[in-house]
Amino acid sequence: MAGLKAFIGYDLGDGETITDMVVLDIDTQKQLVRTDFSDMPMPDSTTPGRALPTIFARDEGGRILFSNSILTDSDSVRDIHINFKRKPTDLLGELTDERRRSLLALFESTGNWPDPSLCPECSSEKMDEFRNSVVTFTDAIFTDGQYVERIMSFASNCQEIVFCVGHPTKWDELDVAVYKAILGSSILGRGEYHGKPSSLVMAAESRAAFLYAKNQGKSDELKKGKSALLVDVGSSTIDLTAMTADSRNHQYNSGNNYLGARSIDHMIRDWYLEQLMADKENQVVYQELMAANPSLNQTLTLFCREAKEKVYSFKTGKANIFFGYFRPVQLSREKLDHMLRTVPIADILKRDLDLPQETAEQMGSKSWCDLFRAFMQEQKAQMEQEGISIGRVILTGSASKMPVVPEIVKEVFSDIPESALFFDMDPSRTISKGLALVGPSNDKSVSFQMDVSKVLREDVPRVVKNNVANLAASLSNFLSGKMESMMISHIKAWRNGDFATFNDMNKAIMEDCSAWKIQMDYGEEYSGIVRKWCTDVIGKDIAVSLKGICEKNGVSNFSVEDLNIAGTGNALIGKMADIVMSPATKTKMNRVISQICNRIIVILIVALCWVPILSWAVLFGGAGVMIWNAFTNNEEGSENKLVEFVKDRNIAVWMRKLVGEANLESKVKEAKISESIREAFMENENQEKIVADIVESLNAQVQSKMDDIKYVIESR
């Protein structure tokens, strides 16, 4: 069937790994598989939908073995890898901000693992171990014969296979870029999977959890103003996301990169060895075993993890740890709970899991429970500060089965009823199912962003260009009104002899009518004109286009008023006002004012010359006659010559008064101030700069507004 895509959610966890798959008809944007996820057996397992422990080893022949095979015959396996997932930047050493930026640009530009000459930090022993472990484990899963057969039976009619891989929410951009480059070195990054085109996308685990919770309807029926908080307690990290019932926005994403449950496995291992080493004979045997096969210590960690899961899964609350030929040691729920509340974990994380020294110092001697409680209290306080009120908590992730997790959550969120605390029935698959939903969500998001890009590229420039002349007319009429009144006042003062010369009058006009002075004195009125233009004209026209995009993409609950970017605050209006009255515009306006002043002088001279009892000879003599003749014959530059000739002349007051006061206003209007200012705004070079700057500013606001709506689309 044409138009189908297969989306595989790959949750590579530090403790467990699992995949899920959905199929989407990309032509109709209808999801064919949504809640009916395929229960795919992972390699080394016959139980569909059961997570695979994130551990691998090699046998004597070099063949990759998974957990069941390792546990069955632990003596014969070599090179065991467990708890190999790391925060990538922890393995790059100390980086300056500048180096972080350059490495991010390097990874984003190439997409491949960089040459050591470009990134010497990427070639450390620990980074090589992390990278090789991720690639080896991933390739072993996605090349397993039965697993491949299962995938291809679902994807047989699909045009493309998209692998959606999760990463902890609190990883930064460089962490994600490095992790994607590592996965790109695996079978997932080859662009082809068993004859079908393939691609690789990354997504925050909190987003995956959000999509899954929405898919299951777990954020519905919340009281108005309340949000659901999803707490995903994994092996290496904890991820949090707060969501509203209608997904109008993603309210809160956070997490902790180190406070997962894997430290507990190592804590149990330390406790087990303490019990074992009480017998000196056991010490000798253990040392001999480790000398012969150092990776057995990792196998012991796997046995301890299995015991932890049994303690919290079986009614008896007890589990035996079997290791080698040693007698079994029994672990009880009471003992493990006591360790969770009392044993410091910073040293364990630092010793075994590359916890940074600074973070270890912050943790101090606190136990896992102490740190989890403090983390949840901190997150609650932060959400309250941001105005987010939690009405429901959903616990997911394999480690959420530990009774101390809901116990502490209830303690921290004591203001919500116990009935508002929910447990995911299949916590190990929450992220993988959510990641499978990320793919279809991304496809809808890409289509939406293409529509938005068209608005940014075509609609916004067109709307601004078509309406900037109206703005120029409104502003020039406003400015000319202010200037005319001030000019008339100064001309009257000249008529009454308050200014000795035309030049003195001009200086006063230039000072009071300058663009800087007018904007300072009448800035609020000026901004009001820009605000009205932005809101009633530009904002509405753009909002109509945006509403069409929203409806096309299935988001119809946003009105034109909701989408009017100019109606959302004054920051945009202020920026628009500054763009229109830029320094370049002010300079041009001041030049125009100077030209207008010269024009008014000429108009006044002409008025004086046409007074019946006064001939031009009274005012002009010698060179003045020649200049006047040039002016009356419209010779080029004659107006400026006339102004230069008379501007410093001290004309007798009795002559000035011959110009009737009632005629002054009409004489000023003859200067056509409004038209001159509008021409200054609309000069090609100035207009192009104003339009370009307005478009750039509007596009930033449009993109910001549509990013919020894109999240709505990505959440459905």
Side-chain angles (χ1 to χ4, degrees), residues 6-21 40-45 50-58 62-70 79-88 91 107 111-113 122 126-152 155 161-168 171 175-194 196-203 205 208 234-237 262 298 302 428-429 431-436 438-439:
F7 297 93
I8 299 176
Y10 179 38
D11 180 19
L12 172 55
D14 182 73
E16 294 180 332
T17 295
I18 194 166
T19 63
D20 271 290
M21 189 166 85
M40 298 168 59
M42 297 297 290
D44 201 40
S45 173
R50 183 174 180 178
L52 171 72
T54 307
I55 180 173
F56 71 93
R58 289 181 172 85
R63 186 170 60 96
I64 297 296
L65 303 175
F66 292 111
S67 59
N68 286 338
S69 300
I70 295 171
D79 191 25
I80 301 174
H81 295 262
I82 188 172
N83 294 132
F84 53 78
K85 190 172 179 180
R86 294 289 186 275
K87 185 174 184 286
L91 306 179
F107 277 99
N112 301 317
W113 196 253
C122 300
K126 288 188 175 181
M127 178 61 82
D128 287 343
E129 181 183 351
F130 170 49
R131 179 187 173 199
N132 292 334
S133 295
V134 170
V135 172
T136 301
F137 186 70
T138 299
D139 285 347
I141 291 174
F142 286 92
T143 57
D144 179 82
Q146 290 185 336
Y147 182 81
V148 171
E149 183 180 346
R150 182 70 170 168
I151 289 179
M152 299 313 295
I161 296 175
V162 180
F163 298 104
C164 308
V165 184
H167 62 81
W171 279 11
D175 287 308
V176 177
V178 173
Y179 192 44
K180 186 174 184 179
I182 291 173
L183 288 161
S185 304
S186 74
I187 192 172
L188 305 188
R190 294 177 186 171
E192 185 270 340
Y193 186 74
H194 290 275
K196 291 187 180 294
S198 67
S199 58
L200 172 66
V201 298
M202 311 294 290
E205 290 167 0
S235 176
S236 61
T237 64
R262 63 183 175 182
Q298 300 286 48
L302 180 61
S428 63
R429 294 178 67 187
I431 302 302
S432 61
K433 288 180 178 180
L435 288 169
V438 165

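On a predicted model such as this, the values are computed, not experimentally measured, just so you know.
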Query - Nearest atoms (heavy-atom pairs only) where S185 meets R131 - result: OG-NH2, 3.8 Å
Requested in this report: Please round to the nearest 0.5 Å and tell me the distance separating atom NZ of K87 and atom CG of D175.
Outcome: 4.0 Å
Query raised in the report: What do you reckon, are the aromatic ring centroids of F130 and F84 less than 6.0 Å apart?
Result: no
Report task. Could you tell me whether D20 and K433 have a side-chain N and a carboxylate O separated by less than 4.0 Å? Result -> no
Query raised in the report: What's the shortest heavy-atom distance between R262 and K85, and which atoms?
Result: NH1-O, 2.9 Å
**Report entry** Heavy-atom pair with the smallest gap, counting every atom of F142 and H194
**Finding:** O-NE2, 4.3 Å
Requested in this report: Side-chain contact test, heavy atoms from C-beta onward, threshold under 4.5 Å: evaluate it for T54 versus F66 and give yes or no.
Outcome: no
Query raised in the report: For the atom pair CD (E129) and CZ (R86), what is the distance rounded to the nearest 0.5 Å?
Result: 7.5 Å
Query raised in the report: Can you check whether C122 reaches F107 side chain to side chain, under 4.5 Å on heavy atoms?
Result: yes
Requested in this report: List the steps, then state whether side-chain contact (heavy atoms from CB on, under 4.5 Å) holds for T237 with E205.
Outcome: CA-CA 10 Å; T237 64; E205 290 167 0; 4.0 Å; yes
Query raised in the report: Which pair of non-hydrogen atoms, one from A436 and one from F7, has the smallest distance, and what is that distance?
Result: O-CB, 3.6 Å
Query raised in the report: So, D139 side chain and I187 main chain: donor-acceptor pair closer than 3.5 Å or not?
Result: yes
Query raised in the report: Given side chains that start at C-beta, do those of L183 and M202 come closer than 4.5 Å, heavy atoms only?
Result: yes
Query raised in the report: Under 3.5 Å, is there a donor-acceptor pair between the side chain of S186 and the main chain of I182?
Result: no
**Report entry** I80 CD1 to S67 OG distance, which is reported to the nearest 0.5 Å
**Finding:** 11.5 Å
**Report entry** Reported CD-to-CG distance for the pair Q146 and D144, which is rounded to 0.5 angstrom
**Finding:** 6.5 Å
Query raised in the report: Got a donor-acceptor contact below 3.5 angstrom from the S432 side chain to the D11 backbone?
Result: no
Query raised in the report: What are the two closest heavy atoms between M42 and L52, and how far apart are they?
Result: CB-CB, 4.0 Å
Query raised in the report: Can you tell me if T138 uses its side chain to pair, donor with acceptor, with the backbone of V135 under 3.5 Å?
Result: no
Query raised in the report: Do other residues, nucleotides or ligands put more than 12 heavy atoms under 6.0 Å from the CD atom of E149?
Result: no
Query - Smallest separation among heavy atoms of I55 and F137, with atom names - result: O-CE1, 3.7 Å
Report task. Would you mind reporting whether K180 and H167 have side-chain heavy atoms less than 4.5 Å apart? Result -> no
Query raised in the report: Distance from I141 atom CD1 to I18 atom CD1, nearest 0.5 Å?
Result: 10.0 Å
Query - Within-4.5 Å side-chain heavy-atom neighbours: I161 and M152 - result: yes
**Report entry** T136 side chain to S133 backbone, donor-acceptor under 3.5 Å
**Finding:** no
Report summary line: side chain to side chain contact (heavy atoms under 4.5 Å, CB included) test vs Y193 passes for just one of I8, V148, V162, namely V148
